[in-house]
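Both backbone and side-chain heavy atoms feed into the values below; hydrogens, waters and symmetry mates do not.
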Amino acid sequence: MPLRDHFRSPVKNRHRWNELHAMWPAMLVRQLFDILPAGYVAAPSVHIGQLFEIDVSTFEVDEPSETGSVTRTGDGGVALAAPPEPTLTLETDLSEQDEFEVRVYDTEFGQQLVAAIEIVSPANKDRPENRRAFVAKVAALLQKDVCVSVIDLVTIRQFNLYADLLELIGEADPKLGPTPPHLYSFTIRSRKRPEKKRSPRKKQSLLDLWYYPMALGQPLPTLPIWLKSELSVLLPFEPSYEETCRLLHIS
């Protein structure tokens, strides 16, 4: 069955997008348990962020605050000194990030995280700060030698987080072109350059990337999930996607 548009009619009229996003990680875990080698486990993780609005200019305290630095008086007592005024006070909206993901652990080393599969939500793409937060999370995982796979089905936000990630790390993919597609998937992993190919003039770490544009009406891709530098499994996303849609009666 082809990829559906979960954010527009007719699917949107009967099902909310987060029904698929919330259940799909569990279906991916079920699929992974059939293909992961011994010593590896997978677990779903779903967290829907909430928006916190803070107006720092409207909060007042009736009683004097007792916070401040402590100084000793001559008679052995203590006195509170007023803290310095802040150099800047801002009104801001802070939001938690949506997380619809699957985590793969190596149990031989005390459940060490080795791979993460991220399903992009509309909130991950709706504002520049959220897009920056998402790609920063991916970059942080790469720094810890965690393989990251991302799949983006969001049709109502015309952004490409793969391009944003490459921009963050100062690189580019010439295959993207001037207008990257907003439906796509990719796997990215970091690895050390082989000893025999190292030189003082070359960077010692390499990034391997597998990028696949997607389109409505087409099957979902198969991505490599790297568990170690020389160990990976191939994960087809189509079976778990179709099983999730079947169980939720999404046609």
Side-chain angles (χ1 to χ4, degrees), residues 2-3 5-7 20-21 24-25 27-29 31-32 35-36 42 44-45 97-104 113-126 128 130-191 205-229 231-241:
L3 173 62
D5 189 342
H6 297 269
F7 301 87
L20 173 78
H21 278 56
W24 196 5
M27 295 297 101
L28 283 167
V29 168
Q31 185 179 354
L32 279 167
I35 61 176
L36 286 174
S45 178
Q97 284 286 301
D98 283 355
E99 285 187 358
F100 299 92
E101 65 180 358
V102 172
R103 300 172 181 174
V104 181
L113 180 64
V114 295
I117 302 168
E118 306 286 343
I119 304 173
V120 176
S121 78
N124 296 142
K125 298 172 70 175
D126 64 353
N130 287 351
R131 296 193 293 274
R132 288 194 296 268
F134 184 90
V135 298
K137 173 186 176 181
V138 174
L141 289 171
L142 290 172
Q143 290 177 334
K144 298 178 180 178
D145 295 326
V146 176
C147 170
V148 183
S149 299
V150 174
I151 187 161
D152 187 349
L153 312 181
V154 180
T155 58
I156 55 174
R157 299 284 185 266
Q158 309 296 307
F159 299 100
N160 186 299
L161 297 174
Y162 174 73
D164 290 350
L165 174 63
L166 293 180
E167 181 180 1
L168 175 69
I169 60 180
E171 300 293 344
D173 187 339
K175 296 180 181 179
L176 282 180
T179 308
H182 59 277
L183 301 179
Y184 57 90
S185 62
F186 67 89
T187 287
I188 182 170
R189 66 143 180 179
S190 62
R191 61 183 175 92
S205 294
L206 300 173
L207 287 179
D208 294 325
L209 305 102
W210 294 261
Y211 173 79
Y212 302 99
M214 301 191 306
L216 295 175
Q218 298 298 317
L220 274 66
T222 296
L223 292 179
I225 309 298
W226 288 90
L227 309 174
K228 291 182 179 180
S229 60
L231 178 62
S232 67
V233 296
L234 291 177
L235 178 63
F237 279 80
E238 183 73 12
S240 58
Y241 171 75

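Among Tyr211, Tyr184, Phe134, the one residue that satisfies the ring-ring contact (aromatic ring centres under 6.0 Å, His included) test with Tyr162 is Tyr211.
With respect to Lys137 and Glu101, a salt bridge is recorded, a charged nitrogen being found less than 4.0 Å from a carboxylate O. Looking at Asp152 and Lys125, a side-chain N of the basic residue comes within less than 4.0 Å of a carboxylate O on the acidic one, giving a salt bridge.
Between His21 and Phe100, the ring planes are perpendicular. Angles over 60° get that label, and only those under 30° would be called parallel.
A pairwise comparison of heavy atoms in Pro224 and Ser149 identifies O-OG, 3.8 Å as the closest pair. Here the shortest heavy-atom pairing between Pro180 and Pro178 reads CD-O, 3.5 Å. In terms of heavy atoms, Val154 sits closest to Leu183 at O-CD2, 3.6 Å. Heavy-atom minimum distance, Pro25 versus Val102: O-CG2, 3.5 Å. Taking all atoms of both residues into account, the shortest heavy-atom contact from Leu234 to Ile35 is O-CD1, 3.5 Å.
Leu3 has its side chain out of reach of Gln218: every pair of non-hydrogen atoms, C-beta onward, lies at least 4.5 Å apart. Two residues are said to be in side-chain contact when any heavy atoms from C-beta on lie closer than 4.5 Å; Ser232 and Leu227 fail this criterion.
Residues Trp210 and Phe186 place their aromatic rings such that the two centres sit no closer than 6.0 Å.
With hydrogens and angles ignored, the 3.5 Å screen pairs a side-chain donor or acceptor of Arg189 with a backbone N or O of Ser229. Side-chain atoms of Asn130 come within 3.5 Å of backbone N or O of Ala123 as a donor-acceptor pair. Checked by atom type and distance alone, the side chain of Glu171 never pairs as donor or acceptor with a backbone atom of Leu165 at under 3.5 Å.
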Before you tell me yes or no, could you show the steps for Leu235 and Gln31 under side chain to side chain contact (heavy atoms under 4.5 Å, CB included), namely the whole-Å CA-CA distance, both residues' side-chain angles and the distance that decides it to 0.1 Å?
CA-CA 8 Å; Leu235 178 63; Gln31 185 179 354; 3.7 Å; yes
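Checked by atom type, the side-chain pair Trp24/Ser240 shows a donor-acceptor distance below 3.5 Å.
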